[in-house]
Asks: 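I have a structure here, written as structure tokens, and I will follow up with some questions on it.
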Amino acid sequence: MHDVPWIAQGECTLTPPGQPPVHVRYGWLPCPPATQACDRARLLRHVAQGWCGYAIDTEALPPEGIGWSYAGQLALIAMADRGALGVDATRADWLDPSAWHAVLRLYDGAPPPPSASARTCAQAWTRLEAADKCLRTGLREATPSTHAARTSCLFYPLPTPPDLPELVAWGAWRG
């Protein structure tokens, strides 16, 4: 596969309490919605294989330390040097605040304050979806046990590409 057409890349270090630091590498790639799902998955697996140095099964979930997400015409990929990782990205303008509130009521248990902006709601959404990806459970509706499991994750905001203020992204990590 040819060179990866990066839009933005970065690295960060997480400092879990009582544990050694965790190094995370992330990047944003163009990935138009019209692109075949198999082509998007192939591109992300190609990047992940280059980062980790071993082949990744094209039919399986990403390995525990690697995560990816799609947001409109972009894909986000991230890799931690140890532990489990989940990432999610979305566009704040995909839903209006009332729709975001309804979605968060179902999946997070309590919607944000009525005055919360679409961006604030999208940030809450990406956090909970990143947590469920990190926990490798898939997206789950709110229950006391899902809330407790999600709190076992360490959350960190991921910078979005320049000139795309409608994007929000979060990562979740657990050791």
Asks: Can you give each donor-acceptor pair under 3.5 Å made by side-chain atoms of residues 155-173, sequence neighbours left out, with the distance rounded to 0.1 Å?
Replies:
residue, atom, partner, partner atom, Å
E166, OE2, R91, NH1, 3.3
W173, NE1, R82, O, 2.7

Asks: Would you check, one step at a time, whether the test side-chain contact (heavy atoms from CB on, under 4.5 Å) holds for L85 with I66?
Replies: CA-CA 6 Å; L85 182 73; I66 297 173; 5.7 Å; no
Asks: Please name all residues satisfying side chain to side chain contact (heavy atoms under 4.5 Å, CB included) with T143, sequence neighbours left out, ordered by chain then number.
Replies: S145, T146
Asks: Minimum heavy-atom separation for Y70 and A75, please, with both atom names.
Replies: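 Answer, listing the atom of Y70 first, then A75: CD2-CB, 3.8 Å.
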Asks: Do the side chains of L139 and L95 join up, straight or via other hydrophobic residues, at under 4.5 Å, putting them in one cluster?
Replies: yes
Asks: Identify all side-chain donor-acceptor contacts of residues 125-132 below 3.5 Å with residues at least two apart in sequence or on another chain.
Replies:
residue, atom, partner, partner atom, Å
W125, NE1, E129, OE1, 3.0
T126, OG1, A122, O, 3.2
T126, OG1, Q123, O, 3.0
D132, OD1, R140, NH2, 3.1
D132, OD1, R150, NE, 3.0
D132, OD2, R140, N, 3.0
D132, OD2, R150, NH2, 2.8

Asks: Name all residues meeting the salt bridge (charged side-chain N to carboxylate O under 4.0 Å, His left out) criterion together with R119; count only those two or more places apart in sequence or in a different chain, and write none if there are none.
Replies: none
Asks: To the nearest 0.5 Å, what is the distance between CD1 on I7 and CG on L76?
Replies: 11.0 Å
Asks: State plainly whether one hydrophobic cluster holds both L29 and W68, where clusters connect Ile, Leu, Val, Met, Phe, Trp and Tyr through side-chain heavy atoms under 4.5 angstrom apart.
Replies: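 Linked, L29 and W68 end up in one cluster.
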Asks: When you group the ILVMFWY residues by side-chain heavy-atom contacts below 4.5 Å and let the links chain together, are V24 and M79 in the same group?
Replies: no
Asks: Under the side chain to side chain contact (heavy atoms under 4.5 Å, CB included) test, which residues partner P112, sequence neighbours left out?
Replies: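 H101, L104, A116, C121.
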Asks: Excluding sequence neighbours, so at least two apart, what forms ring pair (Phe, Tyr, Trp, His ring centres under 6.0 Å) with W6?
Replies: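 Applying ring pair (Phe, Tyr, Trp, His ring centres under 6.0 Å) to W6 gives W51.
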Asks: Check whether V22 and L154 end up in the same hydrophobic cluster, where Ile, Leu, Val, Met, Phe, Trp and Tyr are linked by side-chain heavy atoms less than 4.5 Å apart.
Replies: yes
Asks: Tell me which pairs pass salt bridge (charged side-chain N to carboxylate O under 4.0 Å, His left out) where either residue lies in residues 8-27, with sequence neighbours left out.
Replies: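 Passing the test, one end in residues 8-27: no pairs.
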Asks: Once you round to the nearest 0.5 Å, how far does CD of Q9 lie from OH of Y26?
Replies: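 So the gap between those two atoms works out to 9.5 Å.
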Asks: Using the side chain to side chain contact (heavy atoms under 4.5 Å, CB included) criterion, which residues pair with T151? Sequence neighbours excluded.
Replies: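 Side chain to side chain contact (heavy atoms under 4.5 Å, CB included) check on T151 returns H147.
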